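First up is the structure itself, then whatever we jot down about it.
Model, not experiment: these values are computed from the prediction. Counting starts at 1 for both ligands and their atoms, following the listed order. Values below: all heavy atoms of this structure, side chains included; hydrogens, waters and symmetry mates excluded.
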Amino acid sequence: MEKTNINFVSDMNSVNDSVNVVVGCGLAGIVIANKIATELNEPVVIMERKDHIGGTCYDYVDSETGIHVHKYGPHIFRTNSTEVWEYLSKYTKWYPYMHRVLGVIDGISVPIPFNLDSLHKALPVTLADKLEEKLIEKFGFNTKVPILELRKTNDKDLNFLADFIYEKVFLKYTLKQWGVKPEQLDPSVTGSVPVFIGRDSRYFQERFQGIPFDGYTAMFERMLAHPNISVMLNTDFLKIKNTVQYKRLFYTGAIEEYFDYKFGKLPYRSLDIKIETFNVPSFQEVSVVNYPENYDFTRITENKQFLNDKSDKTVLTFEYPMDFEEGKNERIYPILNPTNQAIYDQYLAEAKKIPNVYFLGRLGAYRYYDMNRTIQGSFETFNEIMGK
Ligand code: UDP
């Protein structure tokens, strides 16, 4: 697809009470801006704190190696929605990539989500055969069981297996990633990587999966290159909030910041991401390898595998999770539990009282959204303003 130009602006000349202001130029903001510009034919100004578009989906081409690097960790697009897939496909060709992950447990690389092949790799053959039979008998072939559910079985052998997977795959990884045990998180968090009683070694089963052919940033550039859209980078909306006029405001930042923390802080996990180039053509078998037990990082991503980039070097990403601290790092993962949900609900009730202001995206909704869900959220907001 052809290269296009975004209308970057650095002053407030185009901001007035007949424009739509979008705060945040990540996926949620880009989609809502694109829909308003193309389908409503109305002007949009996007204000972004960072010096680049794309939020945490941002990728760039490393100048030394030519490899596309996911700056904020691995992003693999997948959806079951034809609408979402066709929408993005207007702005990108796809590299038909299917994600596979290995986890190193007891020094052995096994498929993650843990499946029947993982079972046979990790345990002696007679034990693995017996457990496979019991798993299939109890749950059926090709079924998925969240680890916290598997741990509830009464069978002695299945209990042994559940404890083994819990200890080796989930417990230490989750302690590193979230600072708490799996059972202290919303069950959907570890439930998204269930034990798989089958041989499908893909990380995701969605119908459509892929990586934008020339990267996420290139796709976003095409979504933003529209005469109705202006983008202001390095612009902190909250610092100028009282002077900004708008017809509608779409806020994709943290909802608690918008309301000046009046109901308290909402906690998040963040990541320290280390990106390093190694002088070897290939480092690991699959793009992402998880290290539940060893090291302080959770996983290593080999960026060149996403788009099959050719180089005699490789660029690796190491993710070191940590708590979010204002001014020190980024909000990346909302920490879902009933206490935090109750705080969020207070903000949401407040948000509903303000006309023409909408909160969306992972931070606006305080949800552990993946890219598909984020896009669906922006579609929902768009339909809301259209009165659908
Ligand atoms: N998880 C784990 N071990 C793994 C993979 C995942 O314990 O090898 C748990 C962990 O709590 C993680 C969650 O499952 O945060 C969701 O994993 P996913 O790979 O979807 O996380 P993301 O890519 O969003 O960081």
Side-chain angles (χ1 to χ4, degrees), residues 27 55-57 70-78 97-106 108-115 117-119 121-122 144-151 162-196 201-206 209 211 267-273 284 286-301 303 306 317-324 330-337 361-363 367-374:
L27 180 58
T56 49
C57 302
H70 293 194
K71 184 174 162 108
Y72 300 93
H75 282 73
I76 295 92
F77 188 75
R78 72 275 179 188
Y97 168 91
M98 289 218 173
H99 196 40
R100 287 191 167 76
V101 173
L102 295 173
V104 181
I105 64 168
D106 291 344
I108 303 166
S109 298
V110 306
I112 302 287
F114 196 95
N115 65 17
D117 289 330
S118 317
L119 176 66
K121 282 198 157 175
K144 295 174 186 170
V145 189
I147 184 62
L148 297 176
E149 289 300 314
L150 190 62
R151 291 193 94 206
D163 285 349
F164 179 83
I165 301 172
Y166 176 82
E167 293 280 336
K168 300 285 177 188
V169 178
F170 287 97
L171 180 59
K172 289 177 196 155
Y173 188 105
T174 303
L175 283 169
K176 273 197 262 188
Q177 173 70 20
W178 298 95
V180 296
K181 293 180 175 178
E183 55 274 27
Q184 291 169 281
L185 290 165
D186 190 276
S188 63
V189 176
T190 48
S192 71
V193 190
V195 176
F196 197 4
S201 64
R202 293 171 305 165
Y203 206 65
F204 306 114
Q205 272 77 41
E206 277 88 344
Q209 309 188 13
I211 311 280
Y268 298 82
R269 287 295 273 178
S270 185
L271 293 173
D272 183 14
I273 296 205
Q284 59 192 22
V286 290
S287 62
V288 173
V289 175
N290 291 357
Y291 289 87
E293 299 187 283
N294 297 94
Y295 309 114
D296 292 332
F297 51 80
T298 46
R299 56 189 178 191
I300 300 179
T301 298
N303 289 277
F306 290 132
T317 305
F318 302 78
E319 291 172 61
Y320 295 83
M322 56 178 61
D323 275 335
F324 163 72
E330 308 257 350
R331 294 175 172 88
I332 299 191
Y333 297 95
I335 303 179
L336 293 184
N337 62 34
R362 207 185 247 213
L363 303 183
R367 282 282 176 282
Y368 188 3
Y369 279 172
D370 59 21
M371 289 182 280
N372 170 59
R373 188 65 193 81
T374 302

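Around ligand 1 you find Ile112, Val169, Phe170, Tyr173, Thr174, Gln177, Trp178, Val189, Thr190, Ser192, Val193, Tyr203, Asn290, Arg299, Tyr333, Tyr368, each with a heavy-atom distance below 4.0 Å.
Ring pair Tyr268/Tyr333: centre-to-centre distance not below 6.0 Å. Checked against the 6.0 Å centroid criterion, the rings of His75 and Phe77 do not qualify as a close aromatic pair.
The aromatic rings of Phe297 and Phe318 lie perpendicular to each other, with more than 60° between the two planes, well past the 30° mark.
Residues Tyr291 and Arg299 have side chains not in contact (no heavy-atom distance under 4.5 Å, counting atoms from C-beta outward).
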Test side-chain hydrogen bond (donor to acceptor under 3.5 Å, both in side chains) on Gln209 and Tyr203; report intermediate values, then the result. CA-CA 11 Å; Gln209 309 188 13; Tyr203 206 65; over 6 Å; no
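Note on Asp163 versus Arg151: salt bridge recorded, some NZ/NE/NH1/NH2 to OD/OE distance being below 4.0 Å.
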